[in-house]
Amino acid sequence: QVFNEDFLDDIGANKLDHAIKYVSNVTAGDQRSDGGINIRGFGPTIYQDGLSYNFSNGFRALDGIERIEVIKGASAALYDTTALGGIINFIHKRPHQEKETEVAVTVGEHSFYKGVIDHNQPLMEGDNLSVNSRFILSYEDSESWRPFSFVEKLYFMPSIEFNFNDKTIVNFRLEYQEDDTQQNFAQPYIFLGTPPADTPSQATLDAFSGGTLVNLPHGFMRGEPTDGKDMEATNAAVTVTHWFNPQWSMRFALAAAEIDQERLETFISAPQGSVAVWPRFQQDIPVDFYGVSSEVSLVGTFDTGAVTH
């Protein structure tokens, strides 16, 4: 299934789960990142422009995405992947030969403000070489119906493309995203009572006697206002495509990614001993990721008798 740019604009998709809910047998349940998406109960393999990019530590900005492709089941084997559920492939916007600038401003409930600038600029047009560039910048500042929750996101993606004789295309792309978020992960179950003394850490609701389930408001925050997540993600890629003839082409792609993340979160643990006290603890969870991926592929069509491949 393919979600093109028009569809993403029509539904106002601001992150992946806004679009993915329109695909059957696909769920999105993780509130911390895009990593909670499952296809037929299994986690998908993530691709960018046909190149493996299988990690996620935040909500991927869609402002630089032209379309999203979702392939379910065994069809994913065409991409040389063992993902049982399928794959999700993000196709980025590319420079083109028309000079244009698009500015979009979105205002919504819960103090949602977002601005996007998309500028395409031809740099050179010759008989044997054309050069085009594109720059996309977006900024989001929003709150939530839950207290203390907010999202502040900066995203930009410059790219430049060289076209040699309409036979060889070289594309360079740099993608940067910076997130500063504070997310409230819903109210927990708090049960006031006396847990079994022998296994206090494994007590469940039905193990209490004479207890009461606390009726917490929907806006209850289990953590602290100082909780939050800061993330910086940088991705650089180069793609070279060469056509030998109308039937055969070769593609080389190389991408490097770096993610720096710091997450501070407060948790509620199980009651201790026979005292109905629910202690809280705070964790500082840093994540550093570095990755490089590359691919060389030969694509062509040919006939074997009456069958075209």
Side-chain angles (χ1 to χ4, degrees), residues 3 5 8-9 12-20 28 30-37 44-49 51-68 88-95 102-106 108 112-120 133-144 149-160 171-183 228-239 253-265 285-293:
F3 301 109
E5 185 177 357
L8 296 176
D9 290 341
N14 196 46
K15 53 185 182 180
L16 180 58
D17 66 321
H18 290 166
I20 211 72
D30 196 328
Q31 299 185 49
R32 291 179 175 86
S33 71
D34 292 335
I37 290 176
T45 299
I46 303 298
Y47 279 74
Q48 288 197 153
D49 300 319
L51 189 64
S52 179
Y53 193 78
N54 200 29
F55 71 92
S56 177
N57 282 286
F59 294 108
R60 188 186 308 268
L62 300 182
D63 305 295
I65 301 300
E66 182 176 88
R67 69 180 188 271
I68 302 173
I88 299 175
N89 186 26
F90 294 89
I91 306 298
H92 285 87
K93 297 176 181 178
R94 293 171 49 187
E102 180 180 343
V103 179
V105 177
T106 306
F112 181 93
Y113 302 97
K114 182 177 180 178
V116 182
I117 299 176
D118 185 351
H119 176 69
N120 190 85
S133 66
R134 191 167 186 172
F135 181 80
I136 299 172
L137 172 67
S138 71
Y139 176 78
E140 175 189 338
D141 187 2
S142 62
E143 297 179 3
S144 170
S149 295
F150 67 88
V151 173
E152 187 176 2
K153 180 180 298 184
L154 173 66
Y155 172 87
F156 65 84
M157 187 187 78
S159 59
I160 187 169
N171 180 280
F172 295 94
R173 170 177 53 82
L174 175 65
E175 194 173 20
Y176 175 83
Q177 180 174 328
E178 180 179 328
D179 291 355
D180 181 12
T181 62
Q182 158 64 284
Q183 294 168 308
K229 181 174 71 173
D230 297 325
M231 184 194 76
E232 290 187 36
T234 306
N235 175 35
V238 57
T239 304
L254 175 66
E258 177 181 358
I259 286 183
D260 294 318
Q261 174 185 291
E262 192 81 18
R263 190 173 99 228
L264 188 65
E265 187 171 349
I285 309 171
V287 174
D288 294 316
F289 173 89
Y290 306 91
V292 177
S293 57

Evaluate the side-chain proximity of Met231 to Gln177: yes if any heavy-atom separation is below 4.5 Å, no if none is.
yes

So which heavy atom on Ala255 is nearest to which on Ala237, and how close?
CB-CB, 4.0 Å

Report the C-alpha distance between Thr106 and Val116 in whole Å, list the side-chain angles of each, state the deciding distance to 0.1 Å, and finish with yes or no for side chain to side chain contact (heavy atoms under 4.5 Å, CB included).
CA-CA 9 Å; Thr106 306; Val116 182; over 6 Å; no

Please report the interatomic distance CG(Leu174) to CG(Asn235), rounded to the nearest 0.5 Å.
8.0 Å

Please examine the side chains of Lys114 and Asp63, heavy atoms only from C-beta on, and report whether any two atoms are closer than 4.5 Å.
yes

Any non-hydrogen side-chain atom of Tyr47 less than 4.5 Å from a side-chain atom of Phe90?
no

Determine, stepwise, if the pair Tyr176 / Glu232 fulfils side chain to side chain contact (heavy atoms under 4.5 Å, CB included).
CA-CA 7 Å; Tyr176 175 83; Glu232 290 187 36; 3.2 Å; yes

Measure the spacing between CD of Glu143 and CZ of Phe150 and express it to the nearest 0.5 Å.
9.0 Å

When rounded to the nearest 0.5 angstrom, what is the spacing between CG in Leu62 and OG in Ser138?
9.5 Å

Run the numbers on Ile117 and Phe156 for side chain to side chain contact (heavy atoms under 4.5 Å, CB included), then give the verdict.
CA-CA 9 Å; Ile117 299 176; Phe156 65 84; over 6 Å; no

For the student: nearest non-hydrogen atoms of Val292 and Ala256, plus distance
CG2-CB, 4.2 Å

Does either side chain, that of Glu140 or that of Tyr155, offer a donor lying less than 3.5 Å from an acceptor on the other one?
no

Electrostatic pair Asp49-Arg173, nearest N-O below 4.0 angstrom:
yes

Do Arg60 and Ile46 have side-chain heavy atoms sitting under 4.5 Å apart?
yes

Output for pair (Thr239 OG1, Asn171 CG), nearest 0.5 Å, gives 5.5 Å

Are the side chains of His92 and Met157 in contact, using a 4.5 Å heavy-atom criterion?
yes

Side chain proximity check, Ile285 to Leu264, heavy atoms < 4.5 angstrom
no

Going by side chain to side chain contact (heavy atoms under 4.5 Å, CB included), name the residues that satisfy it together with Leu8, two or more places apart in sequence or in a different chain.
Phe3, Ala13, Ala19, Ile68

Return yes if some donor-acceptor pair links the side-chain N/O of Arg263 with the main-chain N/O of Lys229 below 3.5 Å, else return no.
no

Can you find a heavy atom in the side chain of Ile88 that is under 4.5 Å from one in the side chain of Leu16?
yes

Taking atom CG of Asp230 and atom OG1 of Thr181, what is their separation to the nearest 0.5 Å?
7.5 Å

Using side chain to side chain contact (heavy atoms under 4.5 Å, CB included) as the criterion, point out the one residue from Glu152, Lys153, Glu178 that pairs with Tyr139.
Glu152

Would you say Leu137 and Leu154 make side-chain contact, with heavy atoms under 4.5 Å?
yes

Quick one: do Asp118 and Lys93 satisfy side chain to side chain contact (heavy atoms under 4.5 Å, CB included)? Show the steps, please.
CA-CA 10 Å; Asp118 185 351; Lys93 297 176 181 178; 4.0 Å; yes

Could you tell me the separation between the CD atom of Gln261 and the CG atom of Asp288, rounded to the nearest 0.5 Å?
9.0 Å

Locate the shortest heavy-atom distance separating Ile259 from Ala233; write the atom from each residue and the value.
CG1-CB, 3.8 Å

